[in-house]
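A short write-up of the structure that comes next.
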Amino acid sequence: MSTALVTKQRTPVRPARVLLHTFLVVTALAWLAPLLWAAFSALRPYSETSEKGYVSWPDKLSPDNFTNAFEQSDMLHYFGNTLLIAVPAVLVTLLLSSMVAFYVSRFDFRLNLFLLLVFTAGNLLPQQVIITPLYRMYLLIDLPGITTSGKLYDSALGLVLIHVAFQSGFCAFVLANYMRSLPHELTEAALVDGASVWRLYWQIVLPLCKPAMAALATLLSIWIYNDFFWALVLISTGDNMPITSALNNLSGQYFTDPNLVAAGALLTAIPTLIVYFALQRQFVSGLTLGANKG
């Protein structure tokens, strides 16, 4: 019995493919270089880098800077402040924007497109343009017994409201486009069976939007978590500041340890990485929705 030897022919390597992979590798290294350099600096003591310089071979690598940064900045307290702002802001934004998207995508009326444009146009307005009137308005709104400051200014509620206002337009635009891709036969059959508008939204359309909602939740969590501008303007009490302000506690009046600040910056980035990896599958599927449609 004779056996035939089957030789697998290798696909010839094309120059264009080599250039593509080279470009991707260089781009990835360019993006990772600052992060890797910050981690390298955070593991070195300041006395060593001040003597040898940052471009030198380390004599000692230790996590002491991370421990000191966590304790000196009172980071756990600021993590709690950020959680108190980010979680309600993300949930309320997704709820309100999904309601608007449901209405403009499943019901036909004259101002349908105009209403969606009004919500989307809010994202085109620079934040710096409205900061002065918004600051004055926050000072005039009294909320006795609701906030610790007695006003909308210097409160977590004020930051939640401004994040909801600025992020709802983008989320409504994305969800409206996604809901338009859902078959109208689903909602029409539910209406024939006697389903109310609320049940149509809550039990039929919204569960089908989980991939898009997960992708938006990931983006919103990262954007709101990393916000520093609104907290700097609308918060005056240091203990009410979010995590992005905790790094200020690591800077002294006359001296700042860059290695300690680098360790603190890496610690503040951990929650965003956790959110991304937890929702990675839904995030990727949400971004690729409709990619295979003709």
Side-chain angles (χ1 to χ4, degrees), residues 83-125 127 130 134 152 156-227 230 272 275-276 278-294:
L83 196 67
L84 189 63
I85 297 169
V87 173
V90 171
L91 295 179
V92 174
T93 300
L94 291 178
L95 178 63
L96 296 181
S97 59
S98 63
M99 290 181 177
V100 174
F102 171 76
Y103 187 69
V104 300
S105 62
R106 312 309 287 186
F107 296 94
D108 294 328
F109 57 98
R110 287 186 176 180
L111 300 180
N112 190 319
L113 182 59
F114 176 76
L115 181 62
L116 184 60
L117 289 176
V118 169
F119 276 87
T120 308
N123 293 93
L124 304 178
L125 189 65
Q127 299 175 353
I130 67 168
L134 186 69
L152 191 58
L157 178 61
L159 290 182
V160 170
L161 293 178
I162 194 61
H163 285 307
V164 171
F166 262 87
Q167 305 298 341
S168 294
F170 172 75
C171 294
F173 177 78
V174 173
L175 289 175
N177 289 330
Y178 177 71
M179 289 182 184
R180 285 195 179 98
S181 65
L182 300 178
H184 283 273
E185 289 78 9
L186 291 174
T187 54
E188 291 174 357
L191 289 175
V192 171
D193 291 339
S196 62
V197 175
W198 172 256
R199 187 175 182 182
L200 190 67
Y201 158 76
W202 188 256
Q203 295 185 354
I204 297 178
V205 175
L206 199 60
L208 297 175
C209 297
K210 285 183 179 179
M213 297 280 281
L216 289 174
T218 306
L219 293 175
L220 287 176
S221 300
I222 295 174
W223 291 341
I224 296 175
Y225 180 88
N226 290 327
D227 172 71
W230 290 118
T272 57
V275 170
Y276 174 75
L279 300 176
Q280 181 180 12
R281 181 176 300 177
Q282 292 83 354
F283 179 71
V284 174
S285 63
L287 292 179
T288 56
L289 288 173
N292 297 327
K293 294 182 180 181

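On a predicted model such as this, the values are computed, not experimentally measured, just so you know. In what follows, every heavy atom counts, from backbone to side chain, and hydrogens, waters and symmetry copies are set aside.
Shown here is Arg199, whose CZ atom has no more than 12 heavy atoms of other residues, nucleotides or ligands within 6.0 Å.
The CZ atom of Phe102 lies 8.5 Å from the CD1 atom of Ile204; values are rounded to the nearest 0.5 Å. Note that CG of Leu186 and CG of Leu191 are 11.0 Å apart. Values are rounded to the nearest 0.5 Å. For the atom pair CD1 of Ile162 and CG of Leu157, the computed distance is 11.5 Å after rounding to the nearest 0.5 Å. Atom CG in Leu219 sits 8.0 Å away from atom SG in Cys171 (nearest 0.5 Å). In this structure, CG on Asp227 lies 8.5 Å from CD1 on Ile85, to the nearest 0.5 angstrom. Between Leu220 atom CG and Gln167 atom CD the span is 5.5 Å, to the nearest 0.5 Å.
Inter-residue side-chain proximity for Phe170 and Val174 is flagged as met; some heavy-atom pair is nearer than 4.5 Å. Side-chain contact between Leu134 and Gln127 is absent, with no heavy-atom pair separated by less than 4.5 Å. Contact annotation: the side chain of Thr93 never approaches that of His163 to less than 4.5 Å [non-hydrogen atoms, C-beta and beyond]. Inter-residue side-chain proximity for Phe107 and Val197 is flagged as met; some heavy-atom pair is nearer than 4.5 Å. For the pair Val92/Leu96, a side-chain contact is recorded, criterion being any heavy-atom separation below 4.5 Å from C-beta on.
Remark: the backbone N or O of Ala165 is not paired with any side-chain donor or acceptor of Ser168 at under 3.5 angstrom.
Minimum interatomic distance between Ser105 and Arg180 (heavy atoms only, all atoms of both residues): CB-CG, 3.8 Å. Counting all heavy atoms, side chain and backbone alike, Met179 lies closest to Arg106 at O-NH1, 2.6 Å. In terms of heavy-atom proximity, Leu182 sits nearest to Cys209 at CD1-SG, 4.3 Å. The two residues Ala101 and Ala176 have their closest heavy-atom pair at CB-N, 3.4 Å. For the pair Val160 and Leu84, the tightest heavy-atom approach, listed with the atom from each and the gap, is CG2-O, 4.2 Å. The nearest pair of heavy atoms linking Leu83 to Pro88 is O-CD, 3.8 Å.
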Derivation of the side-chain contact (heavy atoms from CB on, under 4.5 Å) call for Leu91 and Leu95: CA-CA 6 Å; Leu91 295 179; Leu95 178 63; over 6 Å; no
Applying ring pair (Phe, Tyr, Trp, His ring centres under 6.0 Å), run through Trp223 and Phe166 and close with a yes or a no. CA-CA 11 Å; Trp223 291 341; Phe166 262 87; over 10 Å; no
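Residues meeting the side-chain hydrogen bond (donor to acceptor under 3.5 Å, both in side chains) test with Glu188, sequence neighbours left out: none. Residues forming a side chain to side chain contact (heavy atoms under 4.5 Å, CB included) with Leu206 (at least two apart in sequence, or on another chain): Ser98, Tyr201, Trp202, Met213.
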